[in-house]
Amino acid sequence: MKKKLIKNISADAMIERLCIMIVLLFIILITILITICMIDKHKKKLIENNIQEYIQLVEKEIETNKENNIRLEKATNNLYTIKELNIKYNNIKIKNGILVIERNKVTDYDIILKNYEVIKDKKTNKPVVLIIGSTKHKKLKIMSEENNACIITKNQICSKREIKEGLSVMVNVAPSLKQKFYVISNTKEKVTLIMNENIGIISNWSNINNNSGPNMALKELEKNTSKWNKIPDLNYDISGLDEKNNQRYEKTMLKKVKARLLTYEEAIQLGCTNKAYSCPTWLNSNLSAENVTKSSHGFWTSTPFSASQAWFIYYKGLINNYDVNTNIGIRPVIEINKY
């Protein structure tokens, strides 16, 4: 009986010690988490202060050195890269980013640091520091319908409406810059969209012949979309094949670009033929007759037709071919992956 009692007391003591150990471990874990949160909060606050100092420095340099080391030529949509500004700031290491500068003031920004993205809060005008890859960062809205109802984020569809061909959406391509796009296609992996108007100036498809591919058109496209930092860098294959699968120029890959050109195949899938008004009306939006100089009468695709011609979308809503050394418009196509 005495031995049994000792055994029971010993078992109870072990359970009690185990419970104490679990409680202690729980307290230690909570303490660690609180410490990590405090450190993270302190680091974010430090980044906020540094970004505010950097913005103030930029504005001061612009004001005091207008004609010296800072030359702000008129940029498209007032977008400037960190590299273009070339203003040294040693407190934090800025990897890259975009600033919107209007009347010598920084009105918006999107700055990338190591592991962090810093954007401007439009309500408070203060920096918002987001950990890259965190839930809050992933939920940054990329696209919205014209009525501002959310369509898609980086990892979820948040609208009951179907993302269907021809749906118009506003895309946040850069700080303070939204562009209207139309959905070309929607798959499980991505949404493909085309802008509602041409971008930049009219351009040749190629400056030589089809052997070099659409080098001039792509150059103009890259020039006018390179600052779209809200759009992820992607690699695009350009086959070099014509509509009959003849190899007209060498297959190439566009590396780390924001946009590409429409293809002949995509236009055909949308219903385009060589008959007038066969294309959906939204595809040839904001195009005009040839004698109107304000807007181009069409836009290039990336698909060649012959040794000296390539396919383009004509303002009358059809697909046609034209000489590659002709000046025709450029219209960006982007792809948004569904993470």
Side-chain angles (χ1 to χ4, degrees), residues 74-79 98 100 142-148 151 163-186 191-205 214 216-231 234 236 254 257-264 266-267 269-272 276-303 310-320 322 326-336:
K74 189 169 179 58
T76 305
N77 302 114
N78 299 310
L79 299 176
I98 297 289
V100 181
I142 299 173
M143 299 194 303
S144 61
E145 292 181 52
E146 287 190 291
N147 61 7
N148 293 322
I151 283 287
I163 307 175
K164 57 185 179 180
E165 178 186 298
L167 179 69
S168 63
V169 295
M170 297 302 293
V171 180
N172 301 309
V173 297
S176 296
L177 180 59
K178 292 183 180 181
Q179 298 284 14
K180 185 176 179 179
F181 283 77
Y182 291 104
V183 175
I184 296 175
S185 64
N186 176 34
V191 180
T192 304
L193 309 102
I194 188 167
M195 199 164 149
N196 74 319
E197 60 184 354
N198 294 351
I199 196 168
I201 60 174
I202 53 178
S203 170
N204 293 355
W205 194 79
M216 294 299 289
L218 292 174
K219 184 178 179 180
E220 183 64 20
L221 179 66
E222 171 75 8
K223 176 183 173 182
N224 288 278
T225 60
S226 61
K227 295 179 184 178
W228 287 6
N229 72 322
K230 298 287 187 183
I231 304 301
L234 292 176
Y236 294 109
L254 303 178
V257 294
K258 303 296 182 181
R260 61 174 174 84
L261 300 175
L262 188 73
T263 66
Y264 174 87
E266 287 173 322
Q269 288 171 5
L270 291 170
C272 296
Y277 309 110
S278 56
C279 295
T281 55
W282 51 264
L283 187 63
N284 54 289
S285 62
N286 295 307
L287 296 179
S288 63
E290 294 180 64
N291 61 346
V292 178
T293 57
K294 187 177 180 181
S295 177
S296 173
H297 62 284
F299 58 88
W300 288 115
T301 73
S302 60
T303 308
W311 291 101
F312 78 107
I313 301 298
Y314 192 44
Y315 82 96
K316 288 188 176 180
L318 57 90
I319 189 165
N320 204 348
Y322 220 75
T326 306
N327 284 328
I328 295 178
I330 307 298
R331 187 162 295 200
V333 171
I334 62 172
E335 296 179 5
I336 307 295

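When a residue number appears, it is its place in the shown sequence, counting from 1. All of these numbers come straight from a predicted model, not from anything done at the bench.
- Across V100 and S176, no two heavy atoms sit closer than the pair CG2-CB, 4.2 Å.
- Atom OG of residue S168 and atom NZ of residue K180 lie 5.0 Å apart, to the nearest 0.5 angstrom.
- Under the side-chain contact (heavy atoms from CB on, under 4.5 Å) criterion, A267 pairs with L262, C272, I313, I319, sequence neighbours left out.
- Looking only at side-chain heavy atoms (C-beta outward), L234 and Y236 come within less than 4.5 Å of each other.
- To the nearest 0.5 Å, atoms CG (L167) and CZ (F181) are separated by 13.5 Å.
- The shortest distance between side-chain heavy atoms of N286 and N198 does not fall below 4.5 Å.
- With hydrogens and angles disregarded, no donor-acceptor distance shorter than 3.5 Å links the side chain of W282 to the backbone of V183.
- Residues W311 and S302 are not in side-chain contact: their nearest non-hydrogen atoms beyond the backbone lie 4.5 Å or more apart.
- Nearest approach of E220 to G200, heavy atoms of both residues: OE2-CA, 3.5 Å.
- In this structure, the separation between CG on L79 and CH2 on W228 is 10.5 Å, given to the nearest 0.5 Å.
- A search for salt bridge (Lys or Arg N to Asp or Glu O under 4.0 Å) contacts involving E335 returns K190, R260, not counting sequence neighbours.
- Side-chain atoms of K258 come within 3.5 Å of backbone N or O of I231 as a donor-acceptor pair.
- A donor-acceptor pair is defined here as one N or O able to donate and one able to accept, closer than 3.5 Å; no such pair exists between the side chain of K230 and the backbone of N172.
- Rounding to the nearest 0.5 Å gives a distance of 11.0 Å between OG of S185 and CD1 of I194.
- Between the NE2 atom of H297 and the OH atom of Y322 there is a distance of 6.0 Å, given to the nearest 0.5 Å.
- A donor-acceptor contact shorter than 3.5 Å links the side chain of T225 to the backbone of L221.
- Using a 4.5 Å heavy-atom threshold, the side chains of W300 and N204 count as separate.
- By the 4.5 Å heavy-atom criterion applied to side chains, N284 and Y314 are not counted as neighbours.
- W205 places a side-chain N or O within 3.5 Å of a backbone atom of T301 that can act as its donor or acceptor partner.
- Taking the side chain as every heavy atom from C-beta outward, L261 and I330 approach each other to under 4.5 Å.
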Original post:
Taking it one step at a time, do K227 and I98 satisfy side chain to side chain contact (heavy atoms under 4.5 Å, CB included)?
Top reply: CA-CA 7 Å; K227 295 179 184 178; I98 297 289; 3.8 Å; yes
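- Scored by the side-chain contact (heavy atoms from CB on, under 4.5 Å) test, S285 finds Y182, N196, R331 as partners (sequence neighbours excluded).
- Counting all heavy atoms, side chain and backbone alike, I184 lies closest to L193 at CD1-C, 4.0 Å.
- The shortest distance between side-chain heavy atoms of E165 and L270 falls below 4.5 Å.
- The backbone N or O of I202 lies less than 3.5 Å from no partner atom in the side chain of S296, so there is not a single donor-acceptor pair.
- The shortest side-chain heavy-atom distance between F312 and T326 does not fall under the 4.5 Å cut-off.
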